[in-house]
Amino acid sequence: MPTIECNQQHITFDQPVTVAQALARLLPESHDKPLGAFCEGRVLELGSRLTQDTTLRPITFQDEEGRRIYERSLRFILLLAVHRCYPDVRVRIEHSIGFGMYLQLVGRRVVQGDAKLIEDTMREIVAANLPFKRSRWSRQQAIDYFTRLGWTDKAALLSYRPYDYFNIYECGGLAEYFYGAMLPGTGDVPVFSLRYYPPGLILQMPAPNDPAVPAPYVSRPKHMSTFFESNYWCQILGCSNAADLNDLIASGQLREFIRVNEALHEKSISRIADAFVESGARVILIAGPSSSGKTTTANRLKIHLRVLGMHPVLISMDNFYLNRPDVPLDEHGKPDLESLYALDIELFRHCIRDLLDGKTAQLPEYDFATGMRKEKSIPLRISHDQMLIIEGIHGLNPELHKGFEPGEICKFYLSELTCLNLDDHNRIRTTDARLLRRIVRDYQFRGTTPEKTLAMWDSVRRGEEKWIFPYQEQADIVFNTALHYELPVLRRYAYDMLQRITPDEPDYFRANRLIKILNYFLPAPDDAMQEIPPLSILREFIGGNTFYNE
């Protein structure tokens, strides 16, 4: 007779129950439909049976994990619909776009009618409320099935997986492996839309603030263009999925792969320097979310501008933080360092204006150890032909641009936009890749444990959604700082750290999710590590970047 507790309520049942049954009894008045539950650091599906005393925390669409569960289930419906409409067509889910996913039908020229046919078929599948049946397959059984189906990318990846058995889901005569929890059936995924976006499609999910309807589509042409370029890089490199990268490692070709990756980055930064000079602007504002590689990119851009005969000056926006007691508080009563108003905006605008007008500016210097500005400021004056490179997360925010002519500033947005997938149907989220970067950097250079970095991540993400992402399309230049080889490298640093996090830690489930991603990659060998150049963006996170040793 298990006793199940949730939200300080508990009920003793006279027989084993499913998570869905327990939550229905414990939370009868809940407005947010549960999509699963957290239990001792694990994610339980609604159909999981509870046979012993258990404490549950419901997972809803307001939780990131809830949205992931919903998305996986929706992807299966999409794959089943495409399989019914076009049995021989491969689907590749490329990347996120707002609250949606961009995908392509490989080998088929997509037309407007495809979107309607597939969406109508998806709705028929939802109306039929087909169950997602979970069963345990051997690795060889799964490899043989996916090979027969033509999903050789998935078969190749599973061959690298260090486990003999997998949980496979079956629905409507199709089987799939989704690397995470699912909903009970297709009827639990009623809200979506499919949009024609040549040369592919966009599968739109609900937004967290209104899960009853598909999120409105917001055009992001610069964001999409950057992804298209990065996907072209994948084709150049011959590496689109995790198994492709593992093949390179296993065959001893990773060193050459690293060289080409870095050459592509170098070429992009050179083009950006050319574009900045041609713009005639005197200030380039470099912005982007956490762990995008802003500092290294700023320094590399400075070198390329020097090649063009310029003498740029670097300024960090972080030095304009208010003293810690003056920083606004977040909803939890803690200093909100992600807020624009954690910066002294007036002082920033005043200093930059003075510099552009040929005056001497008194730049503040911030001490992060004390959370206070140093008493002594740094005087700076630049000549009329010098330019400023200013780096900070809020560089695109219009509040910082007041008082400047449009032609005086150039806005440069960068982010780690991972284009490498686990397989054609399962992407690696850019937020997970950035979190791995940050865990490694914080532990090595900021004395922050992985547990603390994980605990801060939700606050960081909320700040990005509020203060950074709304302005990314206002950028004049966009750059993807992802490196296709970085996950095998980050595995060498992060894997053991994450494995030391115990189930009683609040973010164990998130650490475990990152471990699962890293499990699909072979670690980078020692000789390949020596190939990573000292000015690589990745060196900002793993160490050895000579910019910081000067």
Original post:
Can you check ring-ring contact (aromatic ring centres under 6.0 Å, His included) on Y471 and H394, steps first, answer last?
Top reply: CA-CA 9 Å; Y471 305 107; H394 295 293; 8.9 Å; no
Subject >> Derivation of the ring-ring contact (aromatic ring centres under 6.0 Å, His included) call for F38 and F509 >> reply: CA-CA 8 Å; F38 291 117; F509 83 95; 4.5 Å; yes
Subject >> Step-by-step salt bridge (Lys or Arg N to Asp or Glu O under 4.0 Å) determination, R429 to E71 >> reply: CA-CA 12 Å; R429 293 171 181 260; E71 182 193 307; 2.7 Å; yes
**OP:** Just do the side chain to side chain donor-acceptor pair (under 3.5 Å) check on E170 and S135 with the steps written out, would you?
**Re:** CA-CA 8 Å; E170 298 175 75; S135 56; 3.1 Å; yes
**OP:** Under the side-chain contact (heavy atoms from CB on, under 4.5 Å) rule, what do S96 and R427 come out as? Steps first, then yes or no, please.
**Re:** CA-CA 9 Å; S96 63; R427 60 196 176 90; 3.5 Å; yes
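When side chains are defined from C-beta on, S230 does not count as touching L417, because their heavy atoms never get closer than 4.5 Å. A 4.5 Å side-chain heavy-atom check between F257 and L245 finds at least one atom pair inside the cut-off. Between M122 and T186, every side-chain heavy-atom pair lies at or beyond the 4.5 Å cut-off. R134 has its side chain out of reach of M182: every pair of non-hydrogen atoms, C-beta onward, lies at least 4.5 Å apart.
S415 OG to F469 CZ: the interatomic distance, rounded to the nearest 0.5 Å, is 6.0 Å. With values rounded to the nearest 0.5 angstrom, L414 atom CG is found 10.5 Å from I477 atom CD1. Taken to the nearest 0.5 Å, the OG1 atom of T60 stands 6.5 Å off from the CG atom of L35. Atom CD1 of residue I389 and atom CD1 of residue I284 lie 7.0 Å apart, to the nearest 0.5 angstrom. Once rounded to the nearest 0.5 Å, the distance linking OG of S138 with CD1 of I168 reads 9.5 Å. In this structure, CZ in F227 is found 10.0 Å from SG in C234, a value given to the nearest 0.5 Å.
Remark: side-chain polar atoms of S268 are paired, donor with acceptor, to backbone N or O of L264 under 3.5 angstrom. No donor-acceptor distance shorter than 3.5 angstrom exists from the side chain of T226 to the backbone of N480, with no hydrogens or angles considered. Between the side chain of Y145 and the main chain of A175, a donor-acceptor pair closer than 3.5 Å is present. A donor-acceptor pair under 3.5 Å is absent between the side-chain atoms of T296 and the main chain of G293, judged by distance alone. Between the side chain of S159 and the main chain of A156, a donor-acceptor pair closer than 3.5 Å is present. Put simply, the side chain of Y413 never gets that close to the backbone of H223: no donor and acceptor are under 3.5 Å apart. Distance alone, capped at 3.5 Å, is enough to place a donor-acceptor pair between the D476 side chain and the K411 backbone. Formation of a donor-acceptor pair under 3.5 Å by the D153 side chain with backbone atoms of D424 is found in this model. For the pair E94 (side chain) and C419 (backbone), a donor-acceptor distance under 3.5 Å is absent. Using a distance-only test at 3.5 Å, with no hydrogens or angles considered, no donor-acceptor pair links the side chain of K222 to the main chain of V478.
Among residues two or more places apart in sequence or in another chain, the side-chain hydrogen bond (donor to acceptor under 3.5 Å, both in side chains) test is passed with D496 by none. Residues satisfying the side-chain hydrogen bond (donor to acceptor under 3.5 Å, both in side chains) test with D442, not counting sequence neighbours, are R438, T453. Applying the side-chain contact (heavy atoms from CB on, under 4.5 Å) criterion to I501, with sequence neighbours excluded, gives P450, E451, L454, L498, E505, Y508, A511. Qualifying side-chain contact (heavy atoms from CB on, under 4.5 Å) partners for A273, counting only residues two or more places apart in sequence or in other chains: L301, H304, L305, L308. Residues satisfying the ring-ring contact (aromatic ring centres under 6.0 Å, His included) test with Y321, not counting sequence neighbours, are Y366, F368. Scanning for side-chain hydrogen bond (donor to acceptor under 3.5 Å, both in side chains) contacts around E464 gives R434, R461, with sequence neighbours left out. For W457, there are no ring-ring contact (aromatic ring centres under 6.0 Å, His included) partners at least two apart in sequence or on another chain. Scanning for side-chain hydrogen bond (donor to acceptor under 3.5 Å, both in side chains) contacts around R300 gives E266, with sequence neighbours left out. P199 pairs by the side-chain contact (heavy atoms from CB on, under 4.5 Å) definition with Y102, Q104, F228, not counting sequence neighbours. Scored by the side-chain contact (heavy atoms from CB on, under 4.5 Å) test, N426 finds R75, K154, F178, Y179, L422, D423 as partners (sequence neighbours excluded).
The pair D318-K294 does not count as a salt bridge, with every side-chain nitrogen at least 4.0 angstrom from each carboxylate oxygen. Salt-bridge annotation for D114 and R108: present, with a side-chain N of the basic residue lying under 4.0 Å from a carboxylate O of the acidic one. Using a 4.0 Å cut-off between charged nitrogen and carboxylate oxygen, R437 and E540 do not count as a salt-bridge pair. Between E64 and R68 there is a salt bridge, since a side-chain N of the basic residue sits under 4.0 Å from a carboxylate O of the acidic one. Residues R72 and E45 are not paired through a salt bridge, judged by the lack of any N-O separation under 4.0 Å between the basic side chain and the carboxylate.
The aromatic rings of H484 and W233 sit tilted relative to each other, their planes meeting at an angle between 30° and 60°.
A donor-acceptor pair shorter than 3.5 Å cannot be found between the side chains of S291 and E416. Inspection of the Q140 and D144 side chains reveals an N or O donor paired with an N or O acceptor under 3.5 Å.
Residue F61 comes nearest to P211 through the heavy atom pair CD2-CB, 3.7 Å, listed as atom of the first residue, atom of the second, then distance.
Summarising the local packing, OH of Y165 is surrounded by 12 or fewer heavy atoms from other residues, nucleotides or ligands at distances under 6.0 Å. No more than 12 heavy atoms of other residues, nucleotides or ligands shown are found within 6.0 angstrom of CD on E40. Around the CZ atom of R462, the shell of radius 6.0 Å holds more than 12 heavy atoms that belong to other residues, nucleotides or ligands. Open room surrounds OH on Y443; 12 or fewer heavy atoms of other groups in view lie less than 6.0 Å from it.
Contacts classified as ring-ring contact (aromatic ring centres under 6.0 Å, His included) and involving residues 418-442 (residues at least two apart or in different chains) are given here: W151-H425.
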Below 3.5 Å, can you tabulate the donor-acceptor pairs from side chains in residues 514-533 to any protein atom, sequence neighbours excluded?
from: N519; atom 1: OD1; to: Y495; atom 2: OH; distance (Å): 2.7
from: Y520; atom 1: OH; to: R161; atom 2: NE; distance (Å): 2.9
from: Y520; atom 1: OH; to: Y177; atom 2: OH; distance (Å): 3.1
from: D526; atom 1: OD1; to: R492; atom 2: NH1; distance (Å): 2.9
from: D526; atom 1: OD1; to: R492; atom 2: NH2; distance (Å): 3.0
from: E531; atom 1: OE1; to: R255; atom 2: NE; distance (Å): 2.9
from: E531; atom 1: OE1; to: R255; atom 2: NH2; distance (Å): 3.0
from: E531; atom 1: OE1; to: R259; atom 2: NH2; distance (Å): 3.2
from: E531; atom 1: OE2; to: R259; atom 2: NE; distance (Å): 2.8

